Amino acid sequence: MFSIESEKFFEYALELFSRTGHTDVAAPEFSNHSARRFVYFDNEKNLSLNFRQRDRLNAFDNVSRLFSVFGIAFFSANLLTPLSDRSQTAHDVHALIHKVSDETATICLFRHADKIILSFACDGLGCLLSDWYAPDDENFTERLNVANFSVTAGNEYFCDWVNFFSRSYYFFNNTPTAYSILPIDLFSGNEEVSREEIEDFITEQKFSAVKEYGNDYIECDAAQFDSFDDTPDELDFVLLEAEEVEFVFDDEEANVSDDDAPEEFSGIDAEIFDDPSRLLEYLEKFR
């Protein structure tokens, strides 16, 4: 269990950011404010909170505004929530903090039990979470070193935070193609690959992050997993190609010269076979 008292978490947070070179301030701008004080009295905005936001006021305390750099405000807070809801709470609380603070970008360090998490919010971006870390994780501390960041412009500095620490699944292709998911050697074996097997593989890959994170899986504010609207047609093309294109894996066969190529492939740019989309367009001519 994290041995530092919740009321002193801001001291740990400020020392962490100071030790890694992100600030040299000796004291926070304010510390250990209650959720309600922060929302209703620390800021000049007159807010009308919805039911969910009001309910989240009971889910965090000891809000501290640590410092600001490049116009980015850094906060720390303690989360008061069950383990199964910790990531969703971190997301919702930071979204509320960002809305109340009226800053273009904010970064929060949250504590829950014996783990900590970073959260990043920016107008137009939504709220992104890091993984959960142990407070004494040396790898986490090393990655925080300011030497790893661009410190010449605020937007680059903030983007470095997001790139270094945000969960990788936020950056998955929203509408991935079957070709980008299927392994290159899927059809290299002797056994025929069925459409059902391909669909099962795509589904497994599509929701791998959900399976890995469990209750800690939180989507970006903009849904990341759009439906594969074109998957049926795309799979038809994949299966068609598997039937009609001869895959060469034998070294001896791979040495066949261009002069020995089948007549129907003569005159075709060789690069087309390295570009799935162009190859599909070509194959479609023979349907």
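Numbering starts at 1 and runs along the sequence shown. A quick note: this is a predicted structure, and the numbers were derived from the prediction, not measured.
The shortest heavy-atom contact between Thr141 and Arg19 is CG2-NH1, 3.4 Å. Asn50 approaches Gln53 most closely through the heavy-atom pair OD1-N, 2.7 Å. Shortest non-hydrogen contact noted between Leu66 and Ala13 is CD1-CB, 3.8 Å. For the pair Asp216 and Arg86, the tightest heavy-atom approach, listed with the atom from each and the gap, is OD2-NH2, 2.9 Å.
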When you look at Leu57 and Phe38, which way does the side-chain contact (heavy atoms from CB on, under 4.5 Å) test go after all the steps? CA-CA 10 Å; Leu57 293 177; Phe38 171 74; over 6 Å; no
For Glu11 and Ser31, what are the C-alpha separation, side-chain angles and deciding distance, and is it a side-chain contact (heavy atoms from CB on, under 4.5 Å)? CA-CA 9 Å; Glu11 295 179 355; Ser31 62; over 6 Å; no
Go through Ile218 and Leu129 one step at a time and tell me if the side-chain contact (heavy atoms from CB on, under 4.5 Å) criterion holds. CA-CA 8 Å; Ile218 306 297; Leu129 302 177; 4.0 Å; yes
Going through the checks in order, is the salt bridge (Lys or Arg N to Asp or Glu O under 4.0 Å) test met by Glu103 and Arg65? CA-CA 12 Å; Glu103 302 287 350; Arg65 178 164 174 147; 3.0 Å; yes
Determine whether Phe140 and Phe164 satisfy the following criterion, ring pair (Phe, Tyr, Trp, His ring centres under 6.0 Å), listing intermediate values before the conclusion. CA-CA 10 Å; Phe140 171 68; Phe164 292 159; over 10 Å; no
Assess whether side-chain contact (heavy atoms from CB on, under 4.5 Å) is satisfied between Ile116 and Trp132, documenting all intermediate values. CA-CA 6 Å; Ile116 58 175; Trp132 289 92; 5.6 Å; no
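Two residues are said to be in side-chain contact when any heavy atoms from C-beta on lie closer than 4.5 Å; Val63 and Arg36 fail this criterion. Proximity of Ser119 to Leu128: side-chain heavy atoms (C-beta onward) are nowhere separated by under 4.5 Å. Residues Asn58 and Leu80 are not in side-chain contact: their nearest non-hydrogen atoms beyond the backbone lie 4.5 Å or more apart.
Donor-acceptor pairing under 3.5 Å is lacking for the side chains of Asn139 and Tyr133. A donor-acceptor contact under 3.5 angstrom links the side chains of Arg167 and Ser87, judged on distance only. For Asp61 and His33, the side-chain atoms include no donor-acceptor pair closer than 3.5 Å. Using a 3.5 Å distance cut-off with no hydrogens or angles, the side chains of Thr89 and Arg56 do pair a donor with an acceptor. Thr106 and His94 form a side-chain donor-acceptor contact under 3.5 Å, judged by distance and modelled atom types alone.
A donor-acceptor pair is defined here as one N or O able to donate and one able to accept, closer than 3.5 Å; such a pair exists between the side chain of Ser101 and the backbone of His98. A donor-acceptor pair is defined here as one N or O able to donate and one able to accept, closer than 3.5 Å; no such pair exists between the side chain of Ser76 and the backbone of Leu109. A distance-only check finds no donor-acceptor pair linking the side chain of Asn215 to the backbone of Asp85 [under 3.5 Å]. Looking only at distances, a side-chain donor or acceptor of Asn78 sits under 3.5 Å from a matching main-chain atom of Ser6. Using modelled atom types, one side-chain atom of Tyr12 and one backbone atom of Pro135 make a donor-acceptor pair closer than 3.5 Å. No side-chain donor-acceptor contact under 3.5 Å links Thr20 to the backbone of Asn145. Asn32 places a side-chain N or O within donor-acceptor distance of the main-chain N or O of Glu7, the cut-off being under 3.5 Å.
Between Tyr217 and Tyr169, the distance separating the two ring centers is shorter than 6.0 angstrom.
Cys127 contributes atom SG, which lies 9.5 Å from atom CZ of Phe120 (distance to the nearest 0.5 angstrom). One finds the CG atom of Leu79 at 8.5 Å from the CD1 atom of Ile117 (value rounded to the nearest 0.5 Å). To the nearest 0.5 angstrom, Asp137 atom CG is 9.5 Å from Lys115 atom NZ. Note that the CD atom of Glu5 and the CG atom of Asn62 stand 10.5 Å from one another [nearest 0.5 Å]. Distance check, rounded to the nearest 0.5 Å: CG of Asp92 to CG of Asp55 gives 9.5 Å. Rounding to the nearest 0.5 Å places CG of Asp42 at 5.5 Å from CZ of Arg37.
A 6.0 Å sphere centred on CD of Glu15 holds more than 12 heavy atoms belonging to other residues, nucleotides or ligands.
In this structure, Phe74 and Phe17 have perpendicular ring planes: the angle between them is above 60°, well past the 30° mark.
By the criterion of side-chain heavy atoms lying less than 4.5 angstrom apart, applied directly or through intervening Ile, Leu, Val, Met, Phe, Trp or Tyr residues, Phe51 is not grouped with Leu49; the two fall into different hydrophobic clusters. Note on Phe165 and Phe70: same hydrophobic cluster, where clusters join Ile, Leu, Val, Met, Phe, Trp and Tyr whose side-chain heavy atoms are under 4.5 Å apart, directly or indirectly.
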Throw together a table of side-chain donor-acceptor distances under 3.5 angstrom for residues 154-161, partners on residues two or more places apart or in other chains.
| unit_1 | atom_1 | unit_2 | atom_2 | d |
| --- | --- | --- | --- | --- |
| Glu156 | OE1 | Ser150 | OG | 2.9 |
| Glu156 | OE1 | Thr152 | OG1 | 3.4 |
| Tyr157 | OH | His22 | ND1 | 2.7 |
| Tyr157 | OH | Trp161 | NE1 | 3.4 |
| Asp160 | OD2 | Ser150 | N | 2.6 |

